[in-house]
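Structure first, commentary second.
Note that the structure is predicted; figures quoted are calculated from it, not measured.
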Amino acid sequence: MKILKLLSLLAIVSVFSGCSPNDDVAIRELARRVIPQHEKNFKFEKIEAPAGENDFFELESQGSKIVVRGNNSNSIAVGLNYYLKNYCLTTLSWHNHIALEMPKVLPKVEEKVRISARARDRFFLNYCTFGYTMPWWGWDEWEHFIDWMALQGVTMPLAITGQEAVWQKVWLKMGLTDDQIRNYFTGPAHLPWHRMSNIDYWQGPLPQEWIDNQCELQKKIVARERQLGMKPVLPAFAGHVPQELKALFPDARITRVSYWGGFADEYRCSFLDPMDPLYEKIQKEFLEEQTRLFGTDHIYGVDPFNEIDAPSWDPETLGGMSKHIYESMAAVDPEAVWLQMGWLFYADPTHWTRENIESFLRAVPQDRLIMLDYFCEFTEIWKNTEKFFGQPYLWCYLGNFGGNTMLSGNFRTVSARMEDAFANGGNNLRGVGSTLEGLDVNQFMYEFMFDKAWNTGMSDDEWVERLADRRVGFRNEDSRRAWRTLTDSIYIRYAQTGLSTLTNAHPSLEGNWHWTTKPTIDYRIPTLWHAWETLLTVDSDRDFYKFDIVNIGRQLLGDYFHVVRNNFTRAYYKRDFKLMEQYGDEMLDIMKDIDRLIACHPEFSLKHWNQTARSFGHDRQSEDYYETNARTLISIWGDSYHLTDYASRTWAGMVSSYYSPRWEMFLKKVTEAARQNRQFDQKEFDKEIREFECAWADAGYTIDYPEAGDAKATALELAGKYKNRFDSIH
């Protein structure tokens, strides 16, 4: 009798909630968050997959309902996203400040759709993303982003938030003081590089409020990711220890790592040899404490030698270290799987020879190590290592360094290389992923990559047409023509470190002064101009359309700035003061126009970055601490010029308060030198501008943020203003 009452109650609840008895609750809740006005018009059904079949989803219309089925929550989410993109012609942004725009009436699915996955695993994120994009995120941002990942079919998200709370407990048990531990941690935005054994102590001590807040945030993150069918990749101990540990364990094999990023010796990290008995003890303490706080899905990210030297480059020693790293995890968690990013093999090919790579990988039991082939749009390591010597691996698209705002990504090459990997990558190709350093202005490239993980039967040309349609909200030939130009002629180069327009570069007469800002393009400026001009003829109110016309205009003006700078330089060498003044004024005018244009969309906002950083503080002093840390990362980066501008952003407020003043100072100094008939002293100027850059990075430096204008009106005005100049470029 009690069972019958319970079933009746469940039936009543299902009716009033709009759910069927076999409804996927996790995706139902996702739909309420993403499409609240239409959620009740969907059925989400979980069904068993036939033995041996990959993930799959189905779509069909049943009366007034859209039915989305799949073998798990993740597959159903992909099915929902397929419907949203290809039937509703809409796109969910990975940022929560851009609402999903839906049609008033849901389109019918005329014929049943069934699509299966080509990739068993789909990985997303990079340690650096947690610094270049996510340090100031709260639950609102994370909740939305996790929904975005689910809709893309991500199954293995990197989940490294909150680990300082774990380490704090571990290091206290090992005998360190609270002051020693929090000083050892860096400031919040720089924590990814602390976690990767690159820097210690920089802008510490890390506030306790931050540690506690991030711990609670991580609990929510991993719980939601698991609810949506993902397996969060948590960290494990990779050998990075506080230098102070040496005093407590004088016999432990603790050494200082190689210098990194131009930082002074005081910020160098320390490394414990994995074959030292203390290593296994620390691993045990860390994994047990982490599991107590955050649970486990038995996949652990361990990256002991990221951009630093190993203690030895002897193949046998390298194999011994990797063997002990794995065994230390397996001793705590017998189901442990080690996830290792392959960036180290690309970044240091001199030391990571074929012999060393083979020894390092083969020392781990088969299928207990998964490699991320990190930067496949440029270099595919799997082709040079006999497919990672049989260990499972994932083909990964990187696409962005530093969160740079630059049109980049080799669309056709990515497609061709993914198809080649699916055809020839071997049985140990476990899937695909993306390892972007920051969420950037090219979201569609990541959507494309994850779409190719499924057997949609859609050609690349068809995919581009549907992309163009959903950016404006309807089928439109001008939008399609513009996007064909973009994907065929603009998005043809892989991302590079420091990629940015010259506006963001440390000022110089020639070139780009330093590798951290490279204005490299492989297209002709008139080609981008005609794509922008074509897109501006479309009549759309979609937010993504507004973003596109701002983003493309931003790039175009930045590219043109390079042309004018070169004109200024030629005038300088000729000592033509009139032309120097003309071109100098034009350069500053371009930067004003860029700032005005990008202020029209919230995606390009320095104000948002700074204000969200301040929101973590509890008083003026702590607010200033967080904002200084936030500003530092996107300007001077560290304690020397080596990484200055690496994370450059063409953001409203940053152009007017940071980039433009630098160029104004430069133009003044060059003009003074020319009028005094002497050579411009670049080195002397570099010293002077460094003072300004360091002052700007401090929260005490006042920034006036521009007001937002109308995106379409501003873009049309600037297109008219620069039309003759763009048309005259050959």
Is it the case that the side chain of [X] and the backbone of [Y] share a donor-acceptor pair, with hydrogens and angles ignored and the cut-off at 3.5 Å?
{"X": "Thr435", "Y": "Tyr374", "answer": "yes"}
{"X": "Gln218", "Y": "Ala159", "answer": "yes"}
{"X": "Arg470", "Y": "Thr91", "answer": "no"}
{"X": "Thr516", "Y": "Leu643", "answer": "no"}
{"X": "Trp210", "Y": "Pro188", "answer": "no"}
{"X": "His38", "Y": "Pro103", "answer": "yes"}
{"X": "Thr405", "Y": "Thr650", "answer": "yes"}

Describe, in one word, how the ring planes of [X] and [Y] are oriented to each other, choosing from parallel (under 30°), tilted (30 to 60°) and perpendicular (over 60°).
{"X": "Phe450", "Y": "Trp148", "result": "perpendicular"}
{"X": "Trp463", "Y": "Phe448", "result": "perpendicular"}
{"X": "Trp663", "Y": "Phe666", "result": "perpendicular"}
{"X": "Phe145", "Y": "Trp142", "result": "perpendicular"}
{"X": "Tyr446", "Y": "Tyr397", "result": "tilted"}

Member of Asp595, Leu606, Ile703 meeting the side chain to side chain contact (heavy atoms under 4.5 Å, CB included) criterion with Ser656: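 Checked Asp595, Leu606, Ile703 against Ser656; only one passes side chain to side chain contact (heavy atoms under 4.5 Å, CB included): Asp595.
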Side-chain touch Arg631/Tyr701, heavy atoms, less than 4.5 angstrom: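 In contact.
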Minimal non-hydrogen separation, Trp651 against Phe604, with atom names: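 It is CD1-CA, 3.6 Å.
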Closest approach of Trp94 to Gln443 (non-hydrogen atoms, all atoms of both residues): N-OE1, 3.2 Å
Tyr523 and Asp559: side chain donor to acceptor below 3.5 Å: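 Present: a donor and an acceptor within the cut-off.
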Arg565 to Trp513 six-membered ring, cation-pi geometry met (6.0 Å, 45°):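 No, Arg565 does not lie over the aromatic ring of Trp513.
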Arg662 NZ/CZ over Tyr658 ring centroid, <6.0 Å and within 45° of normal: yes
Sole residue of Thr485, Asp469, Asp461 in side chain to side chain donor-acceptor pair (under 3.5 Å) with Arg480: Asp469
Does this structure show an ion pair linking [X] with [Y], if we count only N-O contacts that are shorter than 4.0 Å?
{"X": "Glu143", "Y": "Arg224", "result": "yes"}
{"X": "Arg649", "Y": "Glu603", "result": "no"}
{"X": "Arg725", "Y": "Glu586", "result": "yes"}

Check against ring-ring contact (aromatic ring centres under 6.0 Å, His included), Tyr625 and Phe616: CA-CA 10 Å; Tyr625 166 79; Phe616 283 85; over 10 Å; no
Check this for me: [X], atom [atom1], are more than 12 non-hydrogen atoms of other residues, nucleotides or ligands nearer than 6.0 Å?
{"X": "Lys712", "atom1": "NZ", "value": "yes"}
{"X": "Arg33", "atom1": "CZ", "value": "yes"}
{"X": "Gln37", "atom1": "CD", "value": "yes"}
{"X": "Lys668", "atom1": "NZ", "value": "no"}

Working for ring-ring contact (aromatic ring centres under 6.0 Å, His included), residues His144 and His97: CA-CA 9 Å; His144 179 89; His97 53 255; 8.7 Å; no
Test log, rule side-chain contact (heavy atoms from CB on, under 4.5 Å), inputs Leu158 and Thr129: CA-CA 10 Å; Leu158 189 63; Thr129 327; over 6 Å; no
Chi angles and distances behind the side chain to side chain donor-acceptor pair (under 3.5 Å) call for Arg614, Gln611: CA-CA 5 Å; Arg614 295 188 71 85; Gln611 286 187 342; over 6 Å; no
Nearest-0.5 Å distance, OG of residue Ser657 to OH of residue Tyr705: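 Between Ser657 OG and Tyr705 OH, I get 7.5 Å after rounding to 0.5 Å.
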Test applied, salt bridge (Lys or Arg N to Asp or Glu O under 4.0 Å); reference residue, Arg471; option that passes from Asp543, Asp548, Asp478: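 The residue from Asp543, Asp548, Asp478 that satisfies salt bridge (Lys or Arg N to Asp or Glu O under 4.0 Å) with Arg471 turns out to be Asp548.
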Trp483 and Phe444: CA distance, side-chain angles, deciding distance, ring-ring contact (aromatic ring centres under 6.0 Å, His included) verdict: CA-CA 11 Å; Trp483 274 99; Phe444 83 94; 5.1 Å; yes
His514/Asp645 under side chain to side chain donor-acceptor pair (under 3.5 Å): CA gap, chis, key distance, verdict: CA-CA 9 Å; His514 195 45; Asp645 295 327; over 6 Å; no
